[in-house]
Amino acid sequence: MSIGFLGVGTISAAVIRAMSQRGGPAEELLLSPRSEHLSTALAAEFPHCRRLGSNQEVVDEADIVVLAMRPQQLDQALEGLRFRDSQVIASFVAGTPPSQMATLVAPAHRVAQLIPLPAIEVNRGPLLICPAIPEVERAFAGLGDVICWDDETRIRVFSCASAYMSTYYEMQNRIIDWMAARGVEREVAARYILSELEGLAAVGKATPVERLGDLPDEHQTRGGLNERVRRTLSEQGWFEDLTAALDDTYDNAVLRRTGE
Ligand SMILES: NC(=O)c1ccc[n+]([C@@H]2O[C@H](COP(=O)([O-])OP(=O)(O)OC[C@H]3O[C@@H](n4cnc5c(N)ncnc54)[C@H](OP(=O)(O)O)[C@@H]3O)[C@@H](O)[C@H]2O)c1
């Protein structure tokens with residue numbers, strides 16, 4: 001199988017590195033020529049990667065075409081490209097659901113939208129595939145946790161739900177900063193907090209879904225430190241603010257702008 005990437009930017013590079021480092025048979029990865037420095041470097045680093053001369057050459061040679069340009073670059077990138085009926089399209093582009101994308105890549109008609117997150121580079125984190133297409137599932141197998149979902153009207157829910165990444169790191173760093181300000185060497189504070197967060201995520205993942213609601217209470221002692229922090233934040237409306245921020249993003253964020 002050959003997988004062609006139209007757009008070799010941040011997220012494609014992460015996916016290409018992850019695909020190149022997983023075990024099993026290596027697919028041929030075909031790279032479009034833009035982002036010259038990065039696409040040339042990836043082709044030089046991985047023997048099964050080839051940088052081609054044009055977008056059309058990538059489309060002509062690929063069984064699966066990955067669309068990985070920014071939403072506002074999509075129309076220009078697709079202009080004049082000729083796809084094949086038999087081709088499968090895996091789109092990373094936010095804001096254009098598969099049914100709408102199918103009209104832009106006709107006669108290709110098997111289109112999935114994917115949401116890869118940056119942690120894919122270290123083979124972790126979720127990778128949404130909507131709808132499930134067996135060739136796409138096979139092509140992306142082993143890159144974090146593949147989650148298939150068939151209702152494209154809910155893709156926006158997934159996109160908005162994962163939009164807390166920068167908030168998460170801000171929170172992580174604030175706690176490290178707080179420890180450092182209280183006299184703990186920053187390197188030690190970072191190791192301590194990063195290990196704690198990794199442990200919490202591991203416990204969360206190992207807990208059955210129906211028991212997830214118990215975890216907050218299970219991680220605090222009556223009258224203890226955890227209870228105090230959680231109660232203070234609850235009283236300040238911290239958790240409601242988080243839900244409100246997700247609501248606001250879901251209701252108002254524009255994921256696709258044309259003509260910019
Ligand atoms: N970054 C993330 O965490 C993430 C996560 C999920 C989904 N996504 C989605 O993935 C897509 C790419 O995001 P990104 O962060 O990787 O963006 P990026 O780093 O800006 O990469 C965009 C790539 O598209 C190329 N490009 C632009 N116009 C093109 C054209 N006409 N033909 C071929 N290639 C073209 C750019 O080349 P030049 O550098 O030469 O302009 C660049 O290589 C976006 O739609 C985004 O919504 C990103």
Side-chain angles (χ1 to χ4, degrees), residues 1-7 9-30 62-69 71 74 83-165 168 201-202 204-212 246 249-250 253 255-256:
M1 172 151 49
S2 57
I3 306 172
F5 288 80
L6 294 183
T10 308
I11 200 71
S12 284
V15 168
I16 289 163
R17 290 200 177 97
M19 282 179 168
S20 303
Q21 280 151 16
R22 69 182 163 184
E27 304 81 3
E28 189 173 33
L29 304 183
L30 307 166
D63 300 310
I64 295 181
V65 178
V66 178
L67 304 178
M69 62 291 297
L74 177 69
F83 291 88
R84 296 188 305 280
D85 182 45
S86 59
Q87 232 154 16
V88 175
I89 310 295
S91 168
F92 294 168
V93 181
T96 304
S99 57
Q100 198 180 328
M101 189 64 82
T103 65
L104 305 176
V105 296
H109 56 279
R110 300 176 69 214
V111 181
Q113 184 172 340
L114 278 62
I115 307 181
L117 300 179
I120 203 166
E121 183 159 0
V122 288
N123 271 315
R124 303 292 284 271
L127 170 65
L128 184 80
I129 299 180
C130 177
I133 296 179
E135 291 94 319
V136 177
E137 282 180 69
R138 272 199 298 281
F140 287 84
L143 275 64
D145 297 315
V146 169
I147 299 193
C148 290
W149 177 263
D150 284 338
D151 177 4
E152 71 171 34
T153 67
R154 295 290 179 272
I155 292 175
R156 188 175 173 85
V157 177
F158 286 93
S159 298
C160 294
S162 53
Y164 66 91
M165 289 189 292
Y168 170 90
K205 245 185 138 180
T207 302
V209 175
E210 62 278 9
R211 284 205 51 249
L212 290 178
L246 293 175
T249 303
Y250 183 84
L255 294 183
R256 172 155 157 76

Taking all non-hydrogen atoms of both residues into account, name the closest pair between Ala18 and Asn123 and its distance.
CB-OD1, 4.1 Å
So, taking the atom named OG in Ser162 and the one named CD1 in Ile115, what distance separates them when rounded to the nearest 0.5 Å?
5.5 Å
Phe158, CZ: over 12 other non-hydrogen atoms inside 6.0 angstrom
yes
Applying salt bridge (Lys or Arg N to Asp or Glu O under 4.0 Å), which residue pairs with at least one partner in residues 124-139 are found, sequence neighbours left out?
Arg110-Glu135
Under the side chain to side chain contact (heavy atoms under 4.5 Å, CB included) rule, collect the residues that match up with Ala108, sequence neighbours excluded.
Phe83, Gln87, Ile89, Val105
So how far is it from Met101 CE to Leu67 CG, rounded to the nearest 0.5 Å?
5.0 Å
So which atom in Tyr250 and which in Cys160 form the shortest heavy-atom distance, rounded to 0.1 Å?
CA-SG, 3.6 Å
Sequence neighbours left out, cut at 3.5 Å: what donor-acceptor pairs do the side chains of residues 140-155 make with other protein atoms?
{"from": "Asp145", "atom 1": "OD2", "to": "Lys205", "atom 2": "NZ", "distance (Å)": "2.7"}
{"from": "Trp149", "atom 1": "NE1", "to": "Asp151", "atom 2": "O", "distance (Å)": "2.9"}
{"from": "Asp150", "atom 1": "OD1", "to": "Ala132", "atom 2": "N", "distance (Å)": "3.0"}
{"from": "Asp151", "atom 1": "OD1", "to": "Thr153", "atom 2": "N", "distance (Å)": "2.9"}
{"from": "Asp151", "atom 1": "OD1", "to": "Thr153", "atom 2": "OG1", "distance (Å)": "2.6"}
{"from": "Asp151", "atom 1": "OD2", "to": "Thr153", "atom 2": "OG1", "distance (Å)": "3.1"}
{"from": "Glu152", "atom 1": "OE1", "to": "Ser99", "atom 2": "N", "distance (Å)": "3.0"}
{"from": "Glu152", "atom 1": "OE1", "to": "Ser99", "atom 2": "OG", "distance (Å)": "3.4"}
{"from": "Glu152", "atom 1": "OE2", "to": "Ser99", "atom 2": "OG", "distance (Å)": "2.5"}

Residues that Ser2 engages under side chain to side chain donor-acceptor pair (under 3.5 Å), provided they are two or more places apart:
Asp63
Atom of Ile129, atom of Ala112 and distance for their closest heavy-atom approach
CG2-CB, 4.2 Å
Over all heavy atoms of both residues, which pair between Gly7 and Ser12 is shortest? Give the atoms and the distance, please.
O-OG, 2.7 Å
To the closest 0.5 Å, what do you measure between CD1 (Ile133) and CD1 (Ile64)?
8.5 Å
With sequence neighbours left out, write down each residue that passes side chain to side chain donor-acceptor pair (under 3.5 Å) with Thr249, or none if nothing qualifies.
none
Does some side-chain heavy atom of Leu117 sit less than 4.5 Å from a side-chain heavy atom of Pro126?
yes
Shortest non-hydrogen separation from Pro71 to Val93 and the atoms involved
CA-CG1, 3.6 Å
Apply side chain to side chain contact (heavy atoms under 4.5 Å, CB included) to residues Leu127 and Val15 and explain how you reach the verdict.
CA-CA 11 Å; Leu127 170 65; Val15 168; over 6 Å; no
Pairs meeting criterion salt bridge (Lys or Arg N to Asp or Glu O under 4.0 Å) with involvement of residues 10-28, two or more places apart:
Arg17-Glu121, Arg22-Glu27, Glu28-Arg50
Considering only heavy atoms from C-beta outward, does the side chain of Leu29 approach that of Ser20 to under 4.5 Å?
yes
